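Here's the structure we're looking at; comments come further down.
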Amino acid sequence: MPGSLLETAEPLLRVMSLHALGYCERLFYLEEVEEIRVADARVYAGRELHTALADDDPEGDWQRHELTSERLGLTGKVDCLRRRDGVYIPYEHKRGRAAKNEDGSYGAWLSDRLQIIAYAILLEETLEASIPEGRIRYHATNVTVRVPIDQAARKSLDGAIARARSLRQSVERPPITENERLCTHCSLAPVCLPEEVRHHEEPERRLNRLFPPDRDGATLHVLSSGTRVGRSSESLVVTPKEGPAKKYPVRGVESVMLHGMSQISTQAARLCADHQIGIHWLTAGGKHIASTVPTIGQVQRRIRQYRALSDEETCLRLAKSLTRAKIGGQLAYLLRTTRGQPDQRKSMTQSIAFLRESLASLNGATNRDALRGHEGAAAVRYFEGLRSLLGDQVPVEFRSARRSRRPPLDRLNALLSFGYGLLHTAVLQALLASGLEPALGFFHTPRSAAYPLVLDLMELFRVPLWDLVVVGSLNRGQWQVDDDFNVTPAKVWLSQGGRAKAIDLFEARLAACWKHPILGYSLSYARTIELEARLLEKEWTGEPGLFARSRLR
């Protein structure tokens, strides 16, 4: 049989992965090596085309044929196989346009050529017959391109397989493609972030926005004790102890948060896993207990993270960026909120001066312990300033002398702790979706059950996602001293009504849009968390300098 590749013990390559390789080596690596696959609108449209063609097939040629070759190390499924003039011809159907040759005629794109060549040679082994050509139908151009299965075609397939195997042995991602047009049609652009990298390298360059503006679905919070989440077909069914059940179509749900003693069935958990929906368990006070997130990172991503965050110089660099962003955000919030209010600004003069001094001292820090000292001292002064932002109309019960965490000892600390618990889960979900190991951080140390990397990334979002929300809601009189809180001498926590109110405020803030000051495009805060997680990973994948550059204005 034709071909020159020897048998291999390596996992078989998918023919579709060779299509990705021909399109972009980085796309191949993300999909085939790191197993990151995203179905966007174009992917779904392609599937719909194939379904329609299969339904409208009077000759019965549209059948899936599974093909495998241990010698080639390939496996795949060809959709359409027709017999013409006594020989079999594999067909591929594409929604898009055919390539234009220099002479004006139509041709096949490299990625499509590799795919049809691979199917043809796999068919030769399966049928033990010569396959002279493959055909690609481009529906947007309404042309069929013939691809001869000659010696040049076989050589190109051998070269592609060899390159694919070489990339699979590496833990380093290939660089972003120089052909910018490929990125605009790539479903993994939100993972790869090619435009953000180009913008960082050329700040004056116009950024072609490819990162989505908002999250794909909503978070389903289950608050009442005894409430059960079950499954009905492709929907999640929430059944409280009392009252009617409610259905939530699974395609509109991004994550499920189970608060307190609520529960979920195995069938519902399986449905969430099938649709890559994270499930998170929290205490009634908002503390994270556990999570199940299907999109856990592959070994290559973990190896790069372990290697980078085992290097003290890398950790110090990232810790400086993080601390600068956190203290800078705290200072900006105090300044912005007291703008035009001289009396209020005067009351926090010392806090503002201390935060400025802390920022100026960061560059001279020679280790992470010194940075933690600056960050901790700045946090104390920031909290003093935060209390001063509460208007005279805010009841005295919402004023706190100091920050208390475990447990919160007053209403203000109870509000802060519950919101930070929600933020912790949102950050954890973003890190896991980005394939990062939350247990290995660069700034916080593993002193408790909390994940250090989650605590690291949370520092960027405490002010804009919760501190700002809490102060604003208190000044608007949205909280009831008695009804929204349960108070004991040893602990203060939110009542069920208070938790529902806090969740509404937090989810509204996640959905709020803002304009990224560096990248220049608008996106929701929910997407911003994911963006920062992916930009953090770039700090150790050869594209540093993008993490923690956003600032509260």
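Being a predicted model, the structure only gives us computed values, none of them experimental. The residues of the chain are indexed from 1 along the displayed sequence.
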**Prompt:** Is the cationic atom of Arg368 (NZ for Lys, CZ for Arg) positioned less than 6.0 Å from the six-membered ring centroid of Phe443 and within 45 degrees of its normal?
**Reply:** no
**Item:** Steps toward salt bridge (charged side-chain N to carboxylate O under 4.0 Å, His left out) verdict (Arg215, Glu507)
**Value:** CA-CA 12 Å; Arg215 52 186 171 176; Glu507 289 295 329; 2.7 Å; yes
**Request:** Could you walk me through whether Arg198 and Glu201 pass the salt bridge (charged side-chain N to carboxylate O under 4.0 Å, His left out) test, one step at a time?
**Result:** CA-CA 5 Å; Arg198 296 183 183 112; Glu201 295 173 349; over 6 Å; no
**Prompt:** With side chains defined as the heavy atoms from C-beta onward, is the minimum distance between Gln300 and Tyr29 less than 4.5 Å?
**Reply:** yes
**Request:** In sequence, state the C-alpha distance, the side-chain angles, and the governing distance for Arg206 and Glu180, and then conclude on salt bridge (charged side-chain N to carboxylate O under 4.0 Å, His left out).
**Result:** CA-CA 12 Å; Arg206 180 181 175 276; Glu180 301 173 15; over 6 Å; no
**Prompt:** Can you find a heavy atom in the side chain of Leu474 that is under 4.5 Å from one in the side chain of Val470?
**Reply:** yes
**Message:** Looking at Trp540, I'd like to know if the NZ or CZ of Lys538 sits under 6.0 Å from its six-membered ring centre while staying within 45 degrees of the ring's axis.
**Reply:** no
**Item:** Glu437 and Arg301: CA distance, side-chain angles, deciding distance, salt bridge (charged side-chain N to carboxylate O under 4.0 Å, His left out) verdict
**Value:** CA-CA 9 Å; Glu437 170 53 66; Arg301 284 179 273 176; over 6 Å; no
**Request:** Report yes if some heavy atom in the side chain of Trp466 is under 4.5 Å from a heavy atom in the side chain of Leu505; otherwise report no.
**Result:** yes
**Item:** Reference residue Trp514; test ring pair (Phe, Tyr, Trp, His ring centres under 6.0 Å); the match among Tyr525, Phe461, Tyr521
**Value:** Tyr525
**Request:** Determine whether Leu355 and Leu359 make a side-chain contact, defined as any pair of heavy atoms from C-beta on separated by less than 4.5 Å.
**Result:** no
**Where Cys183 and Leu210 come nearest, the two heavy atoms and their spacing** = O-CD1, 3.6 Å
**Item:** Side chain to side chain, Val487 and Arg411, heavy atoms closer than 4.5 Å
**Value:** yes
**Message:** Can you tell me if Gln393 has over 12 outside heavy atoms packed within less than 6.0 Å of its CD?
**Reply:** yes
**Message:** Looking only at the aromatic ring of each residue, does the gap between the centers of Trp479 and Phe398 stay below 6.0 angstrom?
**Reply:** no
**Message:** Testing His275, Lys247, Arg251 one by one against Glu234 for a side chain to side chain donor-acceptor pair (under 3.5 Å), which residue passes?
**Reply:** His275
**Request:** For atom CZ of Arg270, decide whether the heavy atoms of other residues, nucleotides or ligands shown that lie under 6.0 angstrom number more than 12.
**Result:** no
**Flag side-chain contact, heavy atom, 4.5 Å: Gln350 against Arg381** = yes
**Request:** Report the C-alpha separation of Phe383 and Ser400 in whole Å, then their side-chain angles, then the decisive distance to 0.1 Å, and conclude whether the side chain to side chain contact (heavy atoms under 4.5 Å, CB included) test is met.
**Result:** CA-CA 9 Å; Phe383 189 70; Ser400 175; 4.2 Å; yes
**Request:** Using atom types as modelled and distance alone, determine if a side-chain donor or acceptor of Asp456 lies under 3.5 Å from a backbone N or O of Phe442.
**Result:** yes
**Item:** Distance-only donor-acceptor check, side chains His288 and Thr425, under 3.5 Å
**Value:** no
**Fill in**
Heavy-atom closest pair (Arg534 atom, Ser434 atom, distance to 0.1 Å) is CG-OG, 3.5 Å
**Request:** Could you tell me whether the side chain of Thr227 reaches within less than 4.5 Å of the side chain of Met261, counting heavy atoms only?
**Result:** no
**Non-hydrogen side-chain atoms of Arg549 and His200 separated by less than 4.5 Å** = yes
